[in-house]
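I have placed the structure first, in the form of structure tokens, so that the comments after it can refer back to it.
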Amino acid sequence: MRTTPTICDERTETMLTTLLIPFRFIITFTFALVSTGIIGALIILVGLPKLLLPIPAVQRMFSTWANGLFRLWGYAMSATFRLTQPMRWHIEGDSQLHRDRWYMILANHRSWVDILVLMHLSCRNMPMPRFFLKHQLIWVPIVGLGCWTLDMPFMKRYSREQIAKNPKLQGKDISTTQKKCQKFRHIPTTVINFCEGTRFTPEKHAKRQSPFKHLLAPKAGGTAFALQIMGQQFDAILDITIIYPDDKRPAVWQLLSGQLRDIYVNVETLPVTDDLIGDYFNDEAFKTHFQSWLNSRWQRKDQLIDAMKSKSDIS
């Protein structure tokens with residue numbers, strides 16, 4: 001005979017869930033820390049002979065090994081979503097993606113959890129992601145050498161004042177980054193681009209007077225720069241929209257403590273057409289066109305978030 005849960009039972013369950021939060025955090029955080037430390041150390045060990053033996057064929061071999069370790073780390077981070085509690089993934093849109101292709105991701109940015117969400121998606125059916133990093137990060141212990149081993153490009157941008165003083169610097173940042181990105185020809189890669197440039201908050205939304213309901217206005221320069229450098233190499237652009245319940249911006253604490261239970265994702269594949277590749281910083285006509293294209297994508301993304309909220313009853 002089945003019995004109806006009482007208010008006391010519900011309170012007891014809520015109390016137990018609350019008491020378990022610190023233990024879930026300790027278990028998940030320890031797992032993430034240990035797996036990151038071990039796999040990170042292995043990646044660095046792979047990077048040492050790559051640093052000491054500047055032979056292209058040898059470096060490609062070690063890069064392949066490092067990429068395999070990077071995917072292993074991705075699986076470990078994906079496991080953090082379900083280590084101490086069930087996680088419900090709601091993934092819609094294009095699923096015919098391949099690990100042996102090259103992609104660029106355009107994504108909205110609400111939380112640091114977004115990066116782990118994209119790592120989870122990459123482990124499923126995409127190449128492992130790469131980021132364009134500031135040149136200063138190469139000196140960060142462990143992170144710098146690890147990213148160098150994974151062939152992530154370190155960008156060194158020159159200001160207008162520097163170029164005015166030394167005209168030879170004009171275009172040097174692009175040519176240098178292009179040379180570094182040639183390594184991606186040997187390893188299928190996904191380049192991640194958070195076009196808003198920062199995480200969404202209601203305060204930033206109001207301050208910037210964003211024309212979008214759920215998003216900050218996108219910054220086109222970084223996206224255009226990536227396409228100028230690697231556009232001919234990308235098989236497709238992946239427009240990815242990430243939504244969390246209650247329109248919240250979950251902190252890593254909520255993920256690690258088991259308080260994040262649902263994640264909604266939409267993936268749309270776009271072709272890399274010739275009109276999306278050009279000199280954004282020196283061609284005003286192209287700059288205007290590209291800004292219009294990216295804003296139209298963000299308008300569609302805004303509408304998609306509304307539709308997904310309505311369909312999935314996300315408050």
Side-chain angles (χ1 to χ4, degrees), residues 31-81 95-107 114-135 137-155 176-194 226-227 229-238 240 267 269 272:
F31 172 80
L33 184 64
V34 171
S35 58
T36 298
I38 294 174
I39 297 173
L42 292 174
I43 290 177
I44 291 175
L45 286 175
V46 169
L48 291 177
K50 180 180 174 181
L51 180 64
L52 298 173
L53 299 172
I55 303 172
V58 174
Q59 289 192 329
R60 286 196 294 269
M61 178 184 69
F62 283 110
S63 292
T64 301
W65 291 359
N67 196 62
L69 289 169
F70 188 31
R71 185 172 294 278
L72 180 62
W73 181 80
Y75 279 118
M77 294 303 98
S78 179
T80 61
F81 286 105
S95 59
Q96 298 301 315
L97 304 175
H98 306 275
R99 291 187 180 184
D100 59 349
R101 304 285 175 84
W102 283 257
Y103 300 111
M104 184 175 76
I105 288 177
L106 306 182
D114 300 342
I115 296 174
L116 298 181
V117 169
L118 295 177
M119 291 298 299
H120 172 81
L121 297 175
S122 297
C123 289
R124 294 175 70 244
N125 54 6
M126 282 190 278
M128 292 307 293
R130 298 295 193 277
F131 301 88
F132 285 85
L133 304 173
K134 293 182 179 179
H135 186 266
L137 291 176
I138 197 171
W139 304 111
V140 176
I142 299 178
V143 174
L145 184 56
C147 291
W148 179 86
T149 302
L150 292 167
D151 294 319
M152 294 191 188
F154 291 88
M155 297 172 59
T176 300
T177 307
Q178 283 177 326
K179 185 180 297 184
K180 293 179 180 178
C181 288
Q182 288 178 357
K183 296 180 181 180
F184 292 161
R185 294 179 180 178
H186 308 288
I187 298 178
T189 302
T190 300
V191 174
I192 295 177
N193 205 329
F194 290 114
L227 283 169
I229 292 173
M230 294 184 62
Q232 300 296 339
Q233 195 167 333
F234 290 129
D235 291 289
I237 297 171
L238 304 181
I240 295 182
V267 182
T269 302
V272 182

Ring-face cation contact, Trp65 with Lys50, 6.0 Å cut, 45° max: no

Under 3.5 Å: donor-acceptor pair, side chain of Asp235, backbone of Trp102: yes

Between CD1 on residue Ile192 and CG on residue Leu238, distance to nearest 0.5 Å: 10.0 Å

Atom pair CD (Gln233) and CG (Leu227), whose distance is rounded to the nearest 0.5 Å: 12.0 Å

Side-chain heavy atoms of Pro129 within contact of Ile105, under 4.5 Å: no

Ser35 side chain vs Ala32 backbone, donor-acceptor pair below 3.5 Å: yes

side-chain hydrogen bond (donor to acceptor under 3.5 Å, both in side chains) assessment of Asn67 paired with Arg130: CA-CA 10 Å; Asn67 196 62; Arg130 298 295 193 277; 2.7 Å; yes

Any side-chain heavy-atom pair of Ile240 and Leu106 under 4.5 Å: no

From CA spacing to verdict: side chain to side chain contact (heavy atoms under 4.5 Å, CB included), Thr149, Ser63: CA-CA 7 Å; Thr149 302; Ser63 292; over 6 Å; no

Spacing of Arg101 atom CZ and Thr189 atom OG1 [to the nearest 0.5 Å]: 14.0 Å

Lys/Arg-Asp/Glu bridge criterion (N-O < 4.0 Å) met for Asp151, Arg60: no

Gap separating the CG atom of Leu33 from the CD1 atom of Ile38, nearest 0.5 angstrom: 9.5 Å

Student check: side-chain heavy atoms of Met119 and Ser78 closer than 4.5 Å: no

Closest heavy-atom pair and its distance - Leu145, Leu48: CD2-CD2, 4.3 Å

Any Met126 side-chain heavy atom under 4.5 Å of His98 side chain: no

Within-4.5 Å side-chain heavy-atom neighbours: Val46 and Ile43: no

Donor-acceptor under 3.5 Å (Tyr103 side chain, Pro188 main chain): no

Exam field: side chain Thr190 to backbone Pro127, donor-acceptor pair closer than 3.5 Å: yes

Nearest-0.5 Å distance, CE of residue Met61 to CG of residue Leu53: 8.5 Å

Gly74 versus Met128, closest heavy-atom pair with distance: CA-CE, 4.3 Å

Spacing of Phe70 atom CZ and Cys147 atom SG [to the nearest 0.5 Å]: 8.0 Å

Student check: side-chain heavy atoms of Trp73 and Met77 closer than 4.5 Å: yes

Thr64 side chain vs Phe62 backbone, donor-acceptor pair below 3.5 Å: no

Expected output: side-chain Ser122 to main-chain Leu118 donor-acceptor under 3.5 Å: yes

